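All chains are named by letter (A, B, ...) in the order of the sequence lines, taking the proteins before the strands, and each is independently numbered beginning at 1. Keep in mind that what you see is a predicted model, and the values were worked out from it rather than measured.
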Amino acid sequence: MFFIMPLYYLNMQLLFIHSDYIEYEAKEKTRVAEPISESKERIEEVLVVFIAVEREDEQDARYVVEKASEETISVFNKVGAERIVLYPYAHLSSELASPERSIEILSGMEENLRSRGVEVKRAPFGWYKSFTLRCKGHPLSELSRKIQGRVKAGEIGVEKLSKALEAEEKAESHFFFMDTGNKGGLIKPEDFELDGSENLQKFFIYESEKRRAVDKVPPHVELMKRLEIADYEPSSDPGNLRFYPKGKLIKALLEDYVRNSVAEYGAVEVETPIMYSVGHPSLKDYLERFPARQYSMAGKGGKPDLFLRFSACFGQFLMSKDMGISYKNLPLKMFELAPSFRKEKRGELVGLRRLRKFTMPDMHTLCRDMKEALVEFKKQYELCMRVLEGIGFSPRDYEVALRFTREFYDDEANKEFIEELVRIAGKPVLIERWDQRFFYFVLKFEFNFVDALEKASALSTVQIDVENAERYGIKYVDANGEEKYPIILHCSPSGAIERCMYALLERAYLDMEDGFLPRLPLWLSPTQLRIIPVAERHLEYIEELLPVLTGIRVDVDDREETVSKKIRDAGREWIPYVAVVGDKEVEKRTLSVTIREESGNLSLEKKALPMDVPELKERIEEAIKSKPFRELPFSYKLSERARFVGG
RNA sequence: GCCGCUGUGGCUUAGAGGUAGAGCGGCUGACUCGUAAUCAGCAGGUCGUGGGUUCAAAUCCCACCGGCGGCUCCA
């Protein structure tokens with residue numbers, strides 16, 4: 001994360017090739033050849049390290065040996081090779097160390113590595129050698145390193161030079177915190193008191209280290225199956241899930257809710273294609289950047305011709321480009337509930353947290369200038385807070401990250417803007433500052449959920465895009481009749497719908513760990529009220545009640561089971577309201593209701609309250625008003641309902 | 001993609017070279033039941049797939065597929 005740039009020199013050059021095998025044969029001596037016993041070798045499952053020892057290394061051979069060995073071991077462990085071959089390779093450098101010192105350093109490395117318990121072979125120095133090797137070709141199979149030092153004693157860093165990463169690495173990034181106090185300003189992590197912000201701390205650790213040693217299945221994976229929400233589909237590509245009726249209902253309700261929220265904010269809903277031609281010039285940059293992450297389809301002549309979108313950006317940008325836009329139309333907001341596809345690497349996929357196919361609410365706002373962009377940015381920041389609140393997350397449930405370029409923050413007005421955002425959040429936030437812009441945005445925020453395994457994932461986000469209007473040729477005409485490029489905001493008010501479901505389930509699990517009954521928000525509960533007849537003869541009364549209970553998802557457990565069993569099953573389904581009906585209730589025209597929310601603690605005894613039907617109806621309606629409603633997606637009779645997940 | 005772990009009826013799982021056991025769920029029957037699992041019986045498995053080793057493979061080996069964790073990554 002924090003790269004220490006070389007101040008004066010780089011030395012020893014290392015090139016690592018993780019290979020199936022290497023074969024070499026010493027053919028002919030040079031003037032500097034060392035004596036050898038064996039001229040021919042074949043070594044399998046090997047990490048081949050090509051090394052050029054440089055003149056500078058002579059100054060501090062010991063340090064260089066130690067550092068290079070450490071680096072080699074790190075790569076060795078990472079790729080899981082079985083042995084190492086050190087292969088002197090002068091051609092990596094134009095300023096070589098003397099042959100004597102080189103052999104010394106190479107032998108030093110050989111010994112150092114051997115002392116760490118690794119099988120090491122050193123190819124002979126100073127010979128013309130023939131060699132063949134077979135590189136494994138996985139992403140880490142070819143790496144280069146420079147052991148880097150500085151003239152001044154002190155900090156030493158290792159700069160990674162893997163080609164694919166070069167672009168990102170140019171952008172140095174630094175983390176800070178910022179608190180709500182009126183002082184404002186960036187606080188370095190080491191100077192910041194994280195007491196009382198445990199989740200922010202977890203989030204920071206996750207962000208800065210990006211690793212957690214956990215050996216557990218994320219809790220929501222079991223829950224999503226058991227609650228008949230979603231499951232893996234082995235016959236699809238991994239990360240393309242199946243959703244059962246209950247999951248589909250929850251998903252549809254969340255979608256309804258986000259759609260309504262952005263409509264209220266003034267966005268117009270559109271729909272754009274999910275696949276695009278790879279030949280489009282504006283799309284090329286993206287594709288070249290993440291070629292392995294696209295779902296592509298072979299077109300004519302066996303060449304990839306179309307790819308599946310990873311967001312709604314293209315569709316909406318291409319639509320905007322063809323519009324005639326006046327400054328009077330701005331800010332112009334377009335929204336889409338976009339099924340999106342990202343062929344994430346295999347090991348990144350987990351349950352509902354990260355998928356290859358997911359639904360991304362994606363809104364783009366065209367703004368006339370940065371000033372307007374900031375006004376809208378702030379509105380959307382607050383919109384995102386409202387949307388998460390509405391879904392069922394309090395500000396305690398997520399951590400705020402603000403990320404921007406140094407240039408953006410150097411502007412005094414923007415500084416105040418950032419401080420204002422922190423005040424709105426009402427708690428300390430994580431700041432990431434990039435020394436230079438390396439992608440299309442200058443400012444973004446995310447609201448991040450920290451789960452039971454202390455992993456963080458972004459829910460809501462907004463970005464200020466200063467690049468794509470020009471790339472796509474999106475223009476508007478200003479008051480003087482001049483064409484201008486708008487600033488574009490990218491906003492996902494809730495984050496991916498599936499990820500909201502993941503966060504709801506993980507949060508319920510965390511509640512359970514704290515000794516509370518896990519639950520989903522009432523408006524998202526597939527069954528909101530379950531009625532349990534004590535005996536078959538009470539069904540008639542229940543049938544009479546149903547027409548009164550419209551606008552609520554009610555079902556009836558008419559199975560031939562004991563009351564205890566039915567109560568238990570209702571609890572296992574996290575049903576918020578459970579009403580028992582027996583002789584007493586029929587006689588008094590009431591219901592005996594247990595409310596999950598009020599049962600609270602796991603160990604508390606549940607008590608049932610007598611309630612009459614209008615009272616109960618009103619109570620539930622009050623709690624779900626202003627939220628979308630959909631009917632029960634299956635029969636209200638449990639005896640007729642199919643199970644989608646066994647057990 | 002790489003590394004490690006893993007895969008037994010719909011679900012959860014026992015079995016660790018000698019031809020599969022259980023609980024839940026399902027079906028049948030009895031019980032008409034008052035707040036977290038009523039009782040009895042029946043059906044259901046080529047042990048992820050394909051090769052190999054062995055007289056003999058769920059069990060050992062290899063490859064592939066899926067899952068989990070890590071690396072990496074997250075437009």
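In the set B:G69, B:A75, B:A36, the nucleotide with an atom closest to the side chain of A:P218 is B:G69. Side-chain atoms of A:K345 lie closest to B:C73 of the nucleotides B:A75, B:C73, B:U35. Side-chain proximity of A:L453 to B:A75, B:G69, B:G66: nearest is B:G69. Nearest nucleotide to the side chain of A:Q294, out of B:A37, B:A75, B:G34: B:A75. Distance from the side chain of A:K455 is smallest to B:G70 among B:G70, B:G34, B:A75. Checked against B:U35, B:G69, B:G1, the side chain of A:A608 finds its nearest nucleotide in B:U35.
Between A:F310 and A:F341, the ring centre distance reaches or exceeds 6.0 Å. Taking the six-membered ring for Trp and the full ring otherwise, A:Y509 and A:H220 have centroids separated by 6.0 Å or more.
Contact annotation for A:V578: no contact, since no heavy-atom pair falls under 4.0 Å across all strands. Counting non-hydrogen atoms under 4.0 angstrom, A:K584 reaches a base of the nucleic acid. As judged by a 4.0 angstrom heavy-atom cut-off over every strand, A:L349 is placed among residues touching the sugar-phosphate backbone only. No engagement by A:S457 is indicated, since no non-hydrogen atom pair under 4.0 Å with the nucleic acid exists. In this structure, A:E233 reaches neither bases nor backbone, as no heavy-atom distance under 4.0 Å exists between it and the strands shown.
For A:V221, the side-chain contact (heavy atoms from CB on, under 4.5 Å) partners at least two apart in sequence or on another chain are A:V217, A:P218, A:M224, A:K225, A:Y232. A:D558 pairs by the salt bridge (charged side-chain N to carboxylate O under 4.0 Å, His left out) definition with nothing, not counting sequence neighbours. In terms of the side-chain contact (heavy atoms from CB on, under 4.5 Å) criterion, residue partners of A:P361 (sequence neighbours excluded) are, by chain and number, A:V258, A:F335, A:L337, A:S492, A:P493, A:S494, A:I497. With sequence neighbours excluded, the residues that form a side chain to side chain donor-acceptor pair (under 3.5 Å) with A:S635 are A:E640. Under the salt bridge (charged side-chain N to carboxylate O under 4.0 Å, His left out) criterion, A:E82 pairs with no residue at all, not counting sequence neighbours. Residues satisfying the side-chain contact (heavy atoms from CB on, under 4.5 Å) criterion with A:V581, sequence neighbours excluded, are A:I531, A:H538, A:Y541, A:I542, A:E585, A:V586, A:L591. Taking A:E446 as the reference, A:R403, A:K444 meet the salt bridge (charged side-chain N to carboxylate O under 4.0 Å, His left out) condition, with sequence neighbours excluded. With sequence neighbours left out, A:K565 forms a salt bridge (charged side-chain N to carboxylate O under 4.0 Å, His left out) with A:E561. Among residues two or more places apart in sequence or in another chain, the side chain to side chain donor-acceptor pair (under 3.5 Å) test is passed with A:T527 by A:D555.
B:C2 atom P lies 12 Å from atom CD of A:E45, rounded to whole Å. Here the P atom of nucleotide B:A75 and the CZ atom of A:F441 are 6 Å apart, to the nearest Å. What separates CG of A:D569 from C1' of B:C24 is a distance of 11 Å, to the nearest Å. At whole-Å resolution of the value, CZ in A:R572 and C1' in B:C11 are 10 Å apart. In this structure, the CD atom of A:E467 is 11 Å from the C1' atom of B:A75, given to the nearest Å. Remark: P of B:G34 and CD1 of A:I567 are 11 Å apart, rounded to the nearest angstrom. For A:E344 and B:G70, the CD to P distance is 15 Å, given to the nearest whole Å. As a whole-Å value, the separation of A:R226 CZ from B:G25 P is 14 Å.
For the pair A:K565 and B:G25, the criterion of a side-chain N or O lying under 4.0 Å from OP1 or OP2 is met. Contact annotation: A:K225 does not reach the phosphate of B:G67 (side-chain N/O to OP1 or OP2, under 4.0 Å).
In terms of heavy-atom proximity, A:E336 sits nearest to A:T272 at OE2-N, 2.7 Å.
Separation of the P atoms belonging to B:G7 and B:U49 is 13 Å when rounded to the nearest angstrom. Separation of the C1' atoms belonging to B:A16 and B:U28 is 38 Å when rounded to the nearest angstrom. Only the P atoms considered, B:A43 is 14 Å distant from B:G21, to the nearest whole Å. For B:C65 and B:C27, the C1' atoms lie 34 Å apart once the distance is rounded to whole Å. Annotation: B:C2 and B:U53 have their P atoms spaced 27 Å apart (nearest Å). Straight-line distance between the P atoms of B:A58 and B:G50: roughly 13 Å, to the nearest whole Å. Here, B:A22 and B:C61 have their P atoms 29 Å apart, quoted to the whole Å. Comparing B:C47 with B:A20, their C1' atoms are spaced 8 Å from each other, to the whole Å.
Counting only heavy atoms from C-beta outward, the side chains of A:Y440 and A:Q463 approach each other to under 4.5 Å.
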Could you list the protein-to-nucleotides 45-52 of chain B atom pairs, N/O on both sides, closer than 3.5 Å?
none

Exercise for the section: With pairs defined as Watson-Crick or G-U wobble and both distances under 3.5 angstrom, please note down RNA chain B as a dot-bracket string, | for pairing with another strand. Expected result: ((((((((.[[[[.)..(..]]]].(((((.......))))).....[[[[[..)....]]]]])))))))....
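In terms of polar N and O atoms assigned as donor or acceptor, the side chain of A:E348 never comes within less than 3.5 Å of the base of B:G70 in a complementary pairing. In terms of polar N and O atoms assigned as donor or acceptor, the side chain of A:S592 comes within less than 3.5 Å of the base of B:U35 in a complementary pairing.
Relative ring orientation between A:Y244 and A:F644 is described as tilted, the plane-to-plane angle lying within the 30° to 60° band.
Between A:H538 and A:P238, the residue anchored nearer the 5' end of RNA chain B, judged by the nucleotide with its closest heavy atom, is A:H538. For the pair A:S311 and A:G239, nearest-nucleotide mapping onto RNA chain B gives the more 5' position to A:G239.
The CG atom of A:D569 sits 7.0 Å away from the CD atom of A:E573 when rounded to the nearest 0.5 Å.
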Completion exercise
Once base and sugar-phosphate atoms are separated, protein heavy atoms under 4.0 Å mark nucleotides 26-33 of chain B, 5' to 3', with B, S and - as -----BBB
